[in-house]
A.B. asks: 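I am attaching a structure below and will ask some questions about it afterwards.
All of these numbers come straight from a predicted model, not from anything done at the bench.
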Amino acid sequence: MTSLVGWLQRTVPATPRERRVTLWSFAYFFTLLAGYYVLRPLRDQMGIAGGVKNLPWLFTATFLSLLVAQPIYGALVARLPRVKFIPIVYHFFVANLVLFWALLTFDAEKVIVARVFFVWVSVFNLFAVAVFWSLMADLFTAEQGKRLFGFIGAGGTAGALLGPVVTIFLSTPLGPVNLLIAAAVFLEAAVFCVYRIESLANAPTEVDPGRQRVGGSAFAALPELIRSPYLLGVAAWVSLLSFGATIAYFAQANIVSASIHGAAAQTRLFASIDLVVGLLSLATQVFATGKFLKRFGTGIAAAALPSVYIVGFAALAVAPSLSVVVTLQVMQRWMNFAIANPARQVFFTVVGREEKYKAKNLIDVVIYRGSDALYGWVYDSLQALGLKLGAIALCALPVAAGWLILSTALGRTQERLTTEDDDEGAPLFSTRMTK
C-alpha cells in the first residue's frame with residue numbers, strides 16, 4: 001500500500017486534495033469509456049450490417065439528431081446546476097440502452113434498429129465525453145490541466161481497454177445484445193463518481209459552483225462561438241480532427257468490408273484495434289503526457305496528431321491496404337488520446353464558465369458530428385468521381401498540413417490567455433480545484 005501511494009505521488013504531481021479529485025476523475029472516465037467501448041465494436045459491426053453505402057446517411061442522421069439535442073442540453077445547463085444536469089444526461093442514456101436491449105432481444109426490425117443504434121452510439125459518445133471534459137475544464141486551471149489531464153485521460157484509456165476485453169470474451173457466451181446491460185451498469189457507476197467529485201472538489205468554507213446554475217440562454221452557444229476568434233479556431237481544429245478521422249474510418253470500413261467476411265471476425269478485428277490503442281495510450285498517458293505538455297506546450301502536443309495523419313495519408317496514397325489502414329487507425333487514435341486530446345482540453349480552461357459547457361459542447365458535439373456528415377459526403381462524392389482510396393488520401397494531405405499550422409497557433413494563443421489571467425489575478429478560487 002505504501003509503495004502504491006509513493007508511486008501515485010511520483011506519477012501524479014499534485015497536492016493531496018488535487019490527487020483525491022484526480023483519482024475520482026480517473027474513475028469517472030474509466031467507467032464512462034468502459035461502457036462506451038463495450039458498445040463501440042457493436043456499433044461498427046452494425047454500421048457494416050446496415051450497409052457501407054449507407055454510412056454517409058448515418059453520419060448525416062447523427063448530425064441532425066445532435067441539432068435537436070443541443071438546445072435541450074443547453075436548457076439543462078442554463079436551468080440546473082452541474083451536480084444535477086450531469087447525472088440526468090447519463091440516466092437518460094441508460095434508459096436508451098434498456099430500450100435498445102428490449103428491441104434487439106425481440107428481433108424488432110433488425111436493420112432499422114441497427115442503423116438507429118449506430119446513430120445513437122455516435123451521439124452518446126460525443127455527449128458523454130463532452131460533458132466529462134466540460135466538468136474537468138470547470139474544475140481545473142490550465143496549469144493543473146497540463147499536470148493532471150494526462151493521468152485523468154489514462155482513466156478513460158484503462159476503461160477503453162476493459163471494454164474490448166468484455167466484448168471479446170463475453171460476446172459469445174452472453175450474446176452481443178446482453179452486453180448493453182453491462183454498458184448501462186458502467187454508466188451508473190460513472191454517475192456515482194460524479195457525486196464523489198462534487199463532494200470533494202470544494203472545501204466546506206468555499207462557494208460550491210457545482211450547486212450554482214451556469215445560467216444564460218439555452219441557445220447561447222452559437223453567439224459565444226461566433227464572437228470569439230479563439231473558440232472559432234478551436235472549432236476549426238475539431239472540424240479538422242473529424243476530417244482526418246472520417247477519411248480513416250471510411251477507408252477502414254471499405255477495406256474491412258472487402259477483406260474480412262463475417263460479423264464475428266469483423267467485430268473481433270475492431271475490438272483488437274481498440275485493445276492495442278488502449279495499451280499504447282495508457283502507457284503514454286501515465287508516464288509521458290504530463291511531462292510532454294509541460295515541456296513542449298499545448299501547441300506542439302496538438303500538432304502531433306495532424307503530423308501522424310500527414311505520414312498516414314502519404315502511406316495510404318502509396319499502398320492502400322488493410323495493414324496500412326489498420327496501422328493508421330492505431331497510430332492516429334493513440335496520438336489523439338495520449339497527447340492531442342489532453343492539449344485540446346487545456347484549450348478550454350482559459351474561457352468563461354458558460355462557454356465551457358455551452359460553446360464547448362457545441363464544438364465537441366454538433367460541429368464535430370456535422371463535420372463527420374460533411375466529410376462523409378465528401379468521401380462519397382470523391383468515390384463517385386472515380387477516385388480510389390490512394391487518390392483520396394493524397395487529396396487529404398494538404399488539409400492535414402493546414403491543421404498542423406492551426407495547432408501551433410492555438411497553442412500560442414492559449415499560453416497568452418493563461419498569462420493574461422495570471423497577470424489579472426483571475427478569481428479561480430471559487431470556481432476551480434485549488435491547491
Side-chain angles (χ1 to χ4, degrees), residues 29 33 125-126 129-130 132-134 136-137 140 142 145-157 160 230-231 233-249 273-274 276-313 327-350 360 363-365 367-369 371-372 375 396-397 399-415 418:
F29 208 19
L33 285 199
N125 174 38
L126 287 181
V129 174
F132 169 81
W133 282 115
S134 290
M136 295 300 104
F140 296 98
K146 288 180 181 179
R147 284 189 287 115
L148 304 174
F149 280 2
F151 182 80
I152 291 171
T157 302
Y230 177 66
L231 286 176
V234 177
W237 195 97
V238 169
S239 179
L240 291 169
L241 170 65
S242 169
F243 172 82
T246 300
I247 298 298
Y249 184 83
I273 291 173
D274 291 342
V276 172
V277 170
L279 289 170
L280 291 171
S281 300
L282 183 62
T284 306
Q285 288 166 322
V286 171
F287 297 108
T289 300
K291 296 176 182 177
F292 190 97
L293 282 170
K294 186 176 180 180
R295 173 67 178 84
F296 297 104
T298 54
I300 298 299
L305 183 57
S307 299
V308 168
Y309 275 111
I310 289 172
V311 175
F313 287 149
T327 301
L328 173 58
Q329 283 286 49
V330 170
M331 294 299 296
Q332 65 90 3
R333 289 173 57 194
W334 170 34
M335 194 56 58
N336 183 26
F337 296 150
I339 300 295
N341 186 61
R344 175 164 67 96
Q345 304 310 327
V346 174
F347 286 160
F348 288 101
T349 61
V350 296
K360 185 181 190 307
I363 292 170
D364 287 352
V365 176
I367 288 178
Y368 185 83
R369 266 321 167 218
S371 299
D372 278 353
Y375 300 133
L397 273 173
V399 180
W403 181 16
L404 187 149
I405 294 170
L406 174 63
S407 300
T408 58
L410 285 172
R412 289 193 297 269
T413 303
Q414 181 268 317
E415 297 291 347
T418 300

A.B. asks: Supply the atom-to-atom distance Phe149 CZ to Phe29 CZ, rounded to the nearest 0.5 angstrom.
C.D. replies: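 Interatomic distance, Phe149 CZ to Phe29 CZ, rounded to 0.5 Å: 10.5 Å.
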A.B. asks: Check step by step if side chain to side chain contact (heavy atoms under 4.5 Å, CB included) holds for Arg333 and Ile273.
C.D. replies: CA-CA 10 Å; Arg333 289 173 57 194; Ile273 291 173; 3.4 Å; yes
A.B. asks: Which pair of non-hydrogen atoms, one from Leu280 and one from Trp334, has the smallest distance, and what is that distance?
C.D. replies: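 Looks like O-NE1, 3.3 Å.
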A.B. asks: Identify the two heavy atoms, one from Phe292 and one from Ala301, that lie closest to each other, and give their separation to 0.1 Å.
C.D. replies: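 Closest heavy-atom pair between Phe292 and Ala301: CE2-CA, 3.7 Å.
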A.B. asks: Return the CH2 to CG distance between Trp237 and Leu406, rounded to the nearest 0.5 Å.
C.D. replies: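 These two atoms lie 9.0 Å from each other.
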A.B. asks: In terms of the angle between their ring planes, are Tyr309 and Trp403 parallel, tilted or perpendicular, with boundaries placed at 30° and 60°?
C.D. replies: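 Answer is tilted, since the angle falls between 30° and 60°.
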A.B. asks: So, for Asp364 and Leu126, which heavy atoms are closest and what is the spacing to 0.1 Å?
C.D. replies: O-CD2, 3.5 Å
A.B. asks: Could you go through the side chain to side chain contact (heavy atoms under 4.5 Å, CB included) check for Ile152 and Phe132 one step at a time?
C.D. replies: CA-CA 11 Å; Ile152 291 171; Phe132 169 81; 3.5 Å; yes
A.B. asks: Verify, without hydrogens or angle tests, whether Ser239 (side chain) and Ala235 (backbone) share a donor-acceptor contact under 3.5 angstrom.
C.D. replies: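 Such a contact is absent between Ser239 side chain and Ala235 backbone.
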A.B. asks: At what distance, to the nearest 0.5 angstrom, does OG1 of Thr157 lie from CG of Leu279?
C.D. replies: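 These two atoms lie 10.0 Å from each other.
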A.B. asks: Return the minimal non-hydrogen interatomic distance between Leu404 and Ser307, and the atom names on each side.
C.D. replies: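 Scanning both residues completely, I find the closest heavy atoms to be CD1-OG, 3.2 Å.
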A.B. asks: Check the pair Leu33 / Val129 against side chain to side chain contact (heavy atoms under 4.5 Å, CB included), numbers first and verdict last.
C.D. replies: CA-CA 8 Å; Leu33 285 199; Val129 174; 3.9 Å; yes
A.B. asks: Any side-chain heavy-atom pair from Val399 and Phe313 closer than 4.5 angstrom?
C.D. replies: no
A.B. asks: Can you tell me if Ser281 uses its side chain to pair, donor with acceptor, with the backbone of Gly278 under 3.5 Å?
C.D. replies: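 Not confirmed, Ser281 side chain does not pair with Gly278 backbone.
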A.B. asks: Give the minimum heavy-atom separation between Ser134 and Lys360, together with the two atoms involved.
C.D. replies: OG-CD, 3.5 Å
A.B. asks: How long is the gap from CZ on Phe151 to OG1 on Thr289, to the nearest 0.5 Å?
C.D. replies: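 Going from CZ on Phe151 over to OG1 on Thr289, the span is 11.5 Å.
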A.B. asks: Show the nearest heavy-atom pair for residues Pro306 and Ala400, with the distance to one decimal.
C.D. replies: CB-O, 3.6 Å
A.B. asks: Please check this pair: side chain of Thr349 against backbone of Gln345, looking for a donor-acceptor N/O pair closer than 3.5 Å.
C.D. replies: no
A.B. asks: Any luck finding a side-chain donor-acceptor pair between Gln332 and Asn336 under 3.5 Å?
C.D. replies: no
A.B. asks: Using only atom types and a distance under 3.5 Å, with no angle test, would you say the side chain of Gln285 pairs donor to acceptor with the backbone of Phe337?
C.D. replies: yes
A.B. asks: Just to verify, which of Gln414, Arg412, Arg344, Lys146 counts as forming a side-chain hydrogen bond (donor to acceptor under 3.5 Å, both in side chains) with Thr298?
C.D. replies: Gln414
A.B. asks: Roughly how far apart are Thr284 OG1 and Ile339 CD1, rounded to 0.5 Å?
C.D. replies: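 It comes to 6.5 Å.
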A.B. asks: Can you tell if the side chain of Ile363 reaches within under 4.5 Å of the side chain of Phe348, non-hydrogen atoms only?
C.D. replies: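 The answer is yes, as the side chains (C-beta and beyond) meet within the 4.5 Å cut-off.
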A.B. asks: Would you compute the distance between atom CG of Leu231 and atom OG1 of Thr413 and round it to the nearest 0.5 angstrom?
C.D. replies: 11.0 Å
